Asker: 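If you scroll down you'll find the structure; I have some questions about it.
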Amino acid sequence: MKLPPPDRARWLAQHIVPHERAIRSWLARRTHDLDIDDIIQEMYARLASLEDAQSIRNPRQYAAQTAISIALNLARHARVVPMIPLGDFEEIGLASLEPSPERAVNSQEELRELEKTLQELPPLCRKAFLLRRVDGLSQREVAETLGISVKTVEKYMARSVRFLIDIYGRGGVAGAQVSKGGAVVDAVEGDRTQLRR
């Protein structure tokens, strides 16, 4: 590394070194995973390599801003996660991303059960729900497709979600059962509440 000229070293000693402690203290309060010594060293290297340091009006502020910029760049680069080729997952002991045969069968059974459960909804309500949640249409698009108002789509969606929460609970596990008459039977309590259609 090229050493700064004597006048630059004097300028650094006179205008920056007295503020180093304050800059270090500020960095220590705000940067937890970064090496403050590296930041300060890089700050000095950048300041020493400036063409004309004499034109800097507020050296303390300039040095602090330089240190902040370096810290932000280091933090940004520290967040970058290296990409691992797919074949390397097994080498490093991670399980395959493909579901196991048992999980695939369970998923198919769960989908069939959900399909059967959704059949309990009134036809238009079910269709609105499927268009919105499965096909990804907006409420306006669902309303246009079904020839109903957006407000009605909102009501159908709320009804469908309430129905599914009553059936499966908030955790996705069946907490209630539906009888053929449309009544919801809570499996834990045994209470029956009539499903509004």
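Everything numeric in this text was worked out from a predicted model, so none of it was measured. Just so you know, residue 1 is the first one in the sequence shown, and it goes up from there.
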Asker: Once side chain to side chain donor-acceptor pair (under 3.5 Å) is applied, do any residues pair with Glu102, and if so which ones, sequence neighbours excluded?
Answerer: Ser100

Asker: Which pair of non-hydrogen atoms, one from Ala67 and one from Met43, has the smallest distance, and what is that distance?
Answerer: CB-SD, 4.0 Å

Asker: Sorted by first residue and then second, give each salt bridge (Lys or Arg N to Asp or Glu O under 4.0 Å) pair with at least one member in residues 13-31; sequence neighbours left out.
Answerer: Glu20-Arg24, Arg24-Asp37

Asker: When the side chains of residues 134-142 are checked against the rest of the protein, which donor-acceptor pairs come out under 3.5 Å, sequence neighbours left out?
Answerer:
| from | atom 1 | to | atom 2 | distance (Å) |
| --- | --- | --- | --- | --- |
| Ser138 | OG | Glu141 | N | 3.1 |
| Ser138 | OG | Glu141 | OE1 | 3.4 |
| Glu141 | OE1 | Ser138 | N | 2.7 |

Asker: Can you list every salt bridge (Lys or Arg N to Asp or Glu O under 4.0 Å) pair that touches residues 39-59, not counting sequence neighbours?
Answerer: Glu42-Arg46

Asker: When you measure from the side chain of Arg60 to the backbone of Ala22, do you find a donor-acceptor pair of N or O atoms at a distance under 3.5 Å?
Answerer: no

Asker: Of all residues at least two apart in sequence or in a different chain, which pass the salt bridge (Lys or Arg N to Asp or Glu O under 4.0 Å) check with Glu110?
Answerer: Arg103

Asker: Just grab all the salt bridge (Lys or Arg N to Asp or Glu O under 4.0 Å) pairs involving residues 145-158, residues at least two apart or on different chains.
Answerer: Lys151-Glu154

Asker: Please determine whether residues Met157 and Val150 belong to a single hydrophobic cluster, defined as Ile, Leu, Val, Met, Phe, Trp and Tyr linked transitively by side-chain heavy-atom distances below 4.5 Å.
Answerer: no

Asker: Who passes side chain to side chain contact (heavy atoms under 4.5 Å, CB included) against Ala71, sequence neighbours left out?
Answerer: Leu27, Thr31, Leu34, Ile39

Asker: Are Cys125 and Phe163 close enough that some pair of their side-chain heavy atoms sits under 4.5 Å apart?
Answerer: no

Asker: Would you compute the distance between atom CD of Glu144 and atom CG of Leu131 and round it to the nearest 0.5 angstrom?
Answerer: 12.0 Å

Asker: Using the rule given for side chain to side chain contact (heavy atoms under 4.5 Å, CB included), can you reason through Leu50 versus Ile56, listing the C-alpha separation, both sets of side-chain angles and the distance that settles it, and then say yes or no?
Answerer: CA-CA 10 Å; Leu50 291 174; Ile56 297 173; 3.6 Å; yes

Asker: Does a side-chain heavy-atom distance below 4.5 Å link Leu121 with Tyr156?
Answerer: no

Asker: Ser49: which residues meet the side chain to side chain donor-acceptor pair (under 3.5 Å) condition with it, sequence neighbours left out?
Answerer: none

Asker: Measuring from Leu124:CG to Arg159:CZ, what's the distance to the nearest 0.5 Å?
Answerer: 10.0 Å

Asker: Partners of Glu109 by side chain to side chain contact (heavy atoms under 4.5 Å, CB included), sequence neighbours excluded?
Answerer: Val105, Asn106, Arg112

Asker: Show your working on side chain to side chain contact (heavy atoms under 4.5 Å, CB included) between Val17 and Tyr44 and close with a plain yes or no.
Answerer: CA-CA 9 Å; Val17 172; Tyr44 277 118; 3.5 Å; yes

Asker: Using the test side chain to side chain donor-acceptor pair (under 3.5 Å), find all partners of Thr66 that sit at least two apart in sequence or belong to another chain.
Answerer: none

Asker: Can you check side chain to side chain contact (heavy atoms under 4.5 Å, CB included) on Leu164 and Leu114, steps first, answer last?
Answerer: CA-CA 9 Å; Leu164 291 172; Leu114 178 60; 4.1 Å; yes

Asker: So, taking the atom named CZ in Arg162 and the one named CD1 in Ile167, what distance separates them when rounded to the nearest 0.5 Å?
Answerer: 13.0 Å

Asker: Does any part of the side chain of Ile16, heavy atoms only, come nearer than 4.5 Å to the side chain of Tyr62, both counted from C-beta?
Answerer: no

Asker: With sequence neighbours left out, which residue pairs that include part of residues 122-134 fulfil the side chain to side chain donor-acceptor pair (under 3.5 Å) condition?
Answerer: none

Asker: Check Ile23 against Ala64 and note the closest heavy-atom contact, atom names and distance.
Answerer: CD1-N, 3.8 Å

Asker: By side chain to side chain donor-acceptor pair (under 3.5 Å), which residues pair with Asp35, not counting sequence neighbours?
Answerer: none

